[in-house]
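Starting from 1, each residue takes its place in the sequence as its number. Small disclaimer: the values here were computed from a predicted structure and weren't measured.
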Amino acid sequence: MRLILAALAALTLGTSAMANGPRDHHRHDRDLRGIDRPTHVELGPRPFFLADDMAESPLKQQLQQCARNGRFKPSDFSIGHRGAPLQFPEHTVESYTAAARMGAGIVECDVAFTQDKELVCRHAQNDLHTTTNILATPLAAKCTTPFTPATFGPDGQLVKPATAECRTSDITLAEFKTLRGKMDAFNPRARNVQEYLGGTANWRTDLYAGPTSGTLLTHKESIALFQKLGVKMTPELKSPVVDMPFNGFTQEAYAQKLIDEYRQAGVHPSRVWPQSFDQRDVLYWVRNTPDFGRQAVFLDDANTNADLPTAQQLREYKAQGIRIVAPPIFALLSTDGNGRIVPSAYARNARAAGLDIITWTLERSGILADGNNGFYFQNVDSAIQREGDVYRVLDVLAKDIGVLGVFSDWPATTTFYANCANQR
């Protein structure tokens, strides 16, 4: 769970009816063949806007001086979280390609499985109703929970939000490949499907979610695309929402199939960081596929400080063979008596236990200067005063904590910092 534009537009989804399956499948093949490896990093204006927005400091001067140099390289410190979903529909060819062009050295495919047990790139097994156009296609009839419109009281007050649930395991791989990705969003006040498929946050955009984009991929196709783009890979094995085994498909077979597809593609284990929020998956890789398990990442699903593991638990992770942990950004940060951002007790304990750290997710909080930055900055919200403070956060993560990398919804920002701060 591990970065070109300053203006972030809004709203309105362009959905389309389901295209003819075989023809649509061939179009996906052509899309993959038409992608070329980026010849240079393209950051766009956003990273420089953020640097200019900083309060005066030596770090601001360093970043602005670096900006004038104008030459930037890809960095493994910069991890494309689901690609570049600040503006591109997540886990699509277009999102992944944008992340690589912005210098992400590592790109993520979250892995779920279809009804016929094929691996595909989706953030969750049950998110097709918010991340694709499935509800606007005949495949809506196969969804676990059909679309139900919102209900309102006589005064117009929302009584019950609109609902739907569509799973990758509801449909076959061939059916999955007929869908189109959209920005992950829904409108809880929707009275019909078209309204439900809207709801994109006003700091994101639907500009790249039209009827000819949003190209979905299998896990195997993501590997081929990433090889073509020249990036390393961090697949996340998503926890199933169906009971396992699923038609004989066990959790262990699911974890093994993910690794097998890298081996079949000839990808060296050093280029892969498999991830899971389920410790059993991580330990399966450590014990049964040690060449890939060396870089297995144990994601932390803490929502608050109280949920974080203790120093003793972190030492136990290390003793079990886990080498890398990946908590959310808030877990690594705190403030001192002067309001400065500093490493948290968790960060110090993880490093003392001999664990490496990756963290998530930058550029996912919308506007920062409004003082209400939610989940990812909950421990340091009082210290975040302007958009440019994102670089103060990165500076502490990189220099004071020494994280291996940072997942970002807009990798240009993290790529720029990595180049300017001499991160790998």
Please tell me whether [X] and [Y] have a donor and an acceptor in their side chains that are separated by less than 3.5 angstrom.
X: Gln320; Y: Glu316; result: no
X: Asn126; Y: Glu165; result: yes
X: Tyr96; Y: His91; result: yes
X: Glu94; Y: Thr215; result: yes
X: Thr130; Y: Asp184; result: yes
X: Asp278; Y: Ser276; result: no
X: Thr413; Y: Glu363; result: yes

Taking only residues two or more places apart in sequence or in another chain, which ones pass ring pair (Phe, Tyr, Trp, His ring centres under 6.0 Å) with [X]?
X: Tyr284; answer: none
X: Phe292; answer: none
X: Phe152; answer: none

In terms of relative ring orientation, are [X] and [Y] parallel, tilted or perpendicular, with 30° and 60° separating the classes?
X: Tyr391; Y: Tyr417; result: parallel
X: Trp360; Y: Tyr376; result: perpendicular
X: Phe113; Y: Phe246; result: tilted

Side chain to side chain contact (heavy atoms under 4.5 Å, CB included) partners of [X], counting only residues at least two apart:
X: Lys220; answer: Thr218, Glu261, Gln264
X: Asn373; answer: Leu368, Asp370, Phe377, Asp381, Ile384
X: Gln115; answer: Thr172

**OP:** Might you work through the side chain to side chain contact (heavy atoms under 4.5 Å, CB included) test for Leu217 and Val93, ending with a clear yes or no?
**Re:** CA-CA 7 Å; Leu217 301 93; Val93 170; 3.7 Å; yes
Using a 6.0 Å cut-off, check whether atom [atom1] of [X] has over 12 heavy atoms from anything other than its own residue.
X: Gln157; atom1: CD; result: no
X: Arg263; atom1: CZ; result: yes
X: Asp155; atom1: CG; result: yes
X: Lys73; atom1: NZ; result: no

Which residues pass the salt bridge (charged side-chain N to carboxylate O under 4.0 Å, His left out) test with [X], sequence neighbours left out?
X: Asp260; result: none
X: Arg348; result: none
X: Arg323; result: none
X: Asp389; result: Arg392

Subject >> Working for side chain to side chain contact (heavy atoms under 4.5 Å, CB included), residues Phe176 and Leu139 >> reply: CA-CA 9 Å; Phe176 174 84; Leu139 289 175; over 6 Å; no
Mind listing the closest non-hydrogen atom pair of [X] and [Y] along with its distance?
X: Ala347; Y: Ile357; answer: O-CD1, 4.3 Å
X: Phe249; Y: Lys117; answer: CB-CD, 3.7 Å
X: Tyr208; Y: Ser213; answer: O-OG, 3.1 Å
X: Ala104; Y: Val231; answer: O-CG1, 3.4 Å
X: Ala209; Y: Met183; answer: CB-N, 4.4 Å
X: Ala84; Y: Ala99; answer: CB-N, 4.1 Å

Original post:
Passes side chain to side chain contact (heavy atoms under 4.5 Å, CB included), His219 versus Tyr262? Steps please.
Top reply: CA-CA 9 Å; His219 179 235; Tyr262 288 96; 2.9 Å; yes
[X] side chain vs [Y] backbone, donor-acceptor pair below 3.5 Å:
X: Lys182; Y: Leu197; result: yes
X: Arg386; Y: Asp53; result: yes
X: Ser95; Y: Thr92; result: no
X: Glu108; Y: Thr234; result: no
X: Asp291; Y: Pro269; result: no
X: Thr415; Y: Met102; result: yes
X: Asn133; Y: Arg180; result: yes

Interatomic distance, [X] atom [atom1] to [Y] atom [atom2] [nearest 0.5 angstrom]:
X: Thr359; Y: Phe330; atom1: OG1; atom2: CZ; value: 9.5 Å
X: Leu237; Y: Asp110; atom1: CG; atom2: CG; value: 10.0 Å
X: Thr310; Y: Asn349; atom1: OG1; atom2: CG; value: 8.0 Å

Subject >> Selection residues 122-157 - residue pairs positive for disulfide bond (SG atoms under 2.5 Å apart), sequence neighbours left out >> reply: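 Listed by first then second residue: Cys143-Cys166.
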Subject >> Listed once per pair and sorted, the disulfide bond (SG atoms under 2.5 Å apart) pairs that draw on residues 105-142, sequence neighbours left out >> reply: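 For residues 105-142: Cys109-Cys121.
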Original post:
Charged N to carboxylate O below 4.0 Å: is that the case for Lys177 and Glu118?
Top reply: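 So Lys177 does not pair with Glu118 through a salt bridge.
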Subject >> Lys238 bridged to Asp127 by N-O distance under 4.0 Å >> reply: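 Between Asp127 and Lys238 there is no salt bridge, as every charged N stays at least 4.0 Å from the carboxylate O atoms.
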**OP:** Report the C-alpha distance between Gln295 and Ser270 in whole Å, list the side-chain angles of each, state the deciding distance to 0.1 Å, and finish with yes or no for side chain to side chain donor-acceptor pair (under 3.5 Å).
**Re:** CA-CA 8 Å; Gln295 292 191 155; Ser270 65; over 6 Å; no
